[in-house]
Amino acid sequence: MAALCKLRFGVRSAVRFSPSISIRTSFSSDCDDGARPGSGFAAAFQRQAELQREADGDQSGSIPGQEQTFASLFKEAPIRDNVVVGRIFHVVRDDLYIDYGGKFHCVCRRPAAGGERLQRGSRVRLKILDPELTARFLGAKTDTTLLEAQGILLGPLEGREVQKRGQNQKQE
Amino acid sequence: MAARAFTKGLLGFRHVGAAKVKFSINGQHFATASSIKSPEIQIQSFTEKVPNPPLEKHDHFRLSELFTLKDLFDARVHLGHKKGCRHRLMEPYLYNSSLDYDILDLDKTEEHLRLALNVTAQTAYRGGIILFVSRRRQFCHLVETTAKECGEYAHTRYWQGGLLTNAHIQYGQGVRLPDLIIFLSTLNNVFQQHVAIRDAAKMNIPTIGVVDSNCNPSSITYPVPGNDDTPVAMELYCRLFKMSINRAKDKRRQMELLQGLSEPSSSSS
């Protein structure tokens, strides 16, 4: 049933595109000088067709997505010695497993001061020392990895957010 | 003993005593049975009548709409290991970057992933057995639930040596082996390649594998260069494979229903 509905939807969307395109070509062939119809029903219809096409183009994510290449999405940003915002996703007593958006997570010890506030889901500030802990040992062909990042926990994110809100209120 | 029973339960190999019906789907092996009972002839012709989608058609199930390059980027599929961990054979799939860790080229990944999903869907459509393999303990539960949700099989525990190569002795005669093996991580925990890759190649079973920048892509039939360490990326792969298998199976059921509607009329005449 789900497959049937999907097929029908696909056919319908294809049908929706084709008439608007065919009508557009017929309009352009009627106006020999190439100028758009100035007024009346023709102009209104063209405007509506364009709006609908733009709206459909925004909704169908696949078509603009395919035009994007990896080169346009990727920006080289060195991560070493950077301060980033991470989120704690797992806690084992004193060890906090923090995910900051990199390949691996970072494991930090719970700080003595204000450590009880840091639970699963809290956002923290981290300074990343190494995005992946690796080392080449004697006699090995490749590096051995620990599958972890190394970072220093600077503190929870809440302090910064309160300051920002205060600044915004002053500006207003 | 307990481990073996456990893997048996997880694998769920179907013991095909009446092997005739199953082998007819593959088409070629079955020729020697002399006395075929008449109801079985009808079953075979019924399954053969459901037209299989042509293999030359690249995206029969429209699986390219399941993901975009932006989805792969957001799931951190392009992140690789450090330069020192790089495998020489992964260099064609890497993007030139001056960072100390490798970046996989998502344009190539997208192409390979599309191929792999198509193969998965075509296998599932023809009623093939698909086995998900991953030895990463972090994702073992995720892989098992994925396999359960699409009605296929998973093996995320210790791999016994003769599981594929010695199956007829370990599990009895007439055991049906998987038709496709999907590796969500090609290494086992000690950074050696998983034994199943070599065994599948020995038993002529096609394999799909997510290869990271420290993996060896050479023995895998359909490698998919991508990150296999981040939970977000693994969830994306599991979701994509599950959706493509479910789509193929739904389509199969739909086609069989359509054939079922037309079949009785033709047999009666």
Once you round to the nearest 0.5 Å, how far does [atom1] of [X] lie from [atom2] of [Y]?
{"X": "B/His87", "Y": "A/Thr142", "atom1": "NE2", "atom2": "OG1", "result": "8.5 Å"}
{"X": "B/Asn214", "Y": "A/Asp143", "atom1": "CG", "atom2": "CG", "result": "10.0 Å"}
{"X": "B/Leu106", "Y": "A/Leu73", "atom1": "CG", "atom2": "CG", "result": "8.0 Å"}

Contact part of [X] toward chain A, heavy-atom cut-off under 4.5 Å: side chain, backbone, both or neither?
{"X": "B/Asp100", "answer": "side chain"}
{"X": "B/Leu257", "answer": "neither"}
{"X": "B/Leu104", "answer": "backbone"}
{"X": "B/Arg253", "answer": "neither"}

query: For chain B, which residues from residues 93-102 of chain A have at least one heavy atom closer than 4.5 Å to it?
result: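 Within residues 93-102 of chain A, the residues under 4.5 Å from chain B are A/Asp99, A/Gly101, A/Gly102.
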Between B/Lys82 and A/Glu132, is there a donor-acceptor pair closer than 3.5 Å when you use the side chain of the first and the backbone of the second?
->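 Yes: the side chain of B/Lys82 pairs with the backbone of A/Glu132.
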Under 3.5 Å, sequence neighbours excluded: what are the donor-acceptor pairs made by side chains of residues 91-99 of chain B?
residue, atom, partner, partner atom, Å
B/Ser97, OG, B/Leu99, N, 3.3
B/Ser98, OG, A/Glu76, OE1, 2.8

Practice item. Taking ring-ring contact (aromatic ring centres under 6.0 Å, His included) as the test, write out the residues that go with B/Phe183, two or more places apart. Key: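 Residues passing ring-ring contact (aromatic ring centres under 6.0 Å, His included) with B/Phe183: B/His194.
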*Name all residues meeting the ring-ring contact (aromatic ring centres under 6.0 Å, His included) criterion together with B/Phe61; count only those two or more places apart in sequence or in a different chain, and write none if there are none.*
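With sequence neighbours excluded, B/Phe61 shows a ring-ring contact (aromatic ring centres under 6.0 Å, His included) to B/Tyr125, given in chain and number order.
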Lys/Arg N to Asp/Glu carboxylate O, A/Lys103 vs B/Asp102, below 4.0 Å: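 B/Asp102 and A/Lys103: not salt-bridged.
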Please walk me through it: do A/Thr145 and B/Phe191 pass side-chain contact (heavy atoms from CB on, under 4.5 Å)? CA-CA 9 Å; A/Thr145 76; B/Phe191 308 108; 4.0 Å; yes
Would you mind checking which part of A/Leu147 comes under 4.5 Å of any heavy atom in chain B, side chain (CB onward), backbone (N, CA, C, O), both or neither?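 Interface part for A/Leu147: side chain.
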Practice problem: Select one option (side chain, backbone, both, neither) describing which atoms of A/Phe89 are under 4.5 Å from chain B's heavy atoms. | Solution: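 Neither part, no heavy atoms under 4.5 Å.
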Could you tell me which of B/Thr109, B/Asn227, B/Asp71 has the largest number of non-hydrogen atom pairs under 4.5 Å with chain A?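 Greatest number of close heavy-atom pairs with chain A: B/Asn227.
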Inset, instruction - Hey, can you tell me if B/His81 and A/Phe104 have their rings parallel, tilted or perpendicular (30° and 60° cut-offs)? - result: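 Because their plane-to-plane angle lies in the 30° to 60° range, the rings of B/His81 and A/Phe104 count as tilted.
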- Message: A quick test of your reading: do over 12 heavy atoms of other residues, nucleotides or ligands sit less than 6.0 Å from CZ of A/Arg120?
- Response: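 No, CZ of A/Arg120 has 12 or fewer neighbouring heavy atoms, counting only those of other groups under 6.0 Å.
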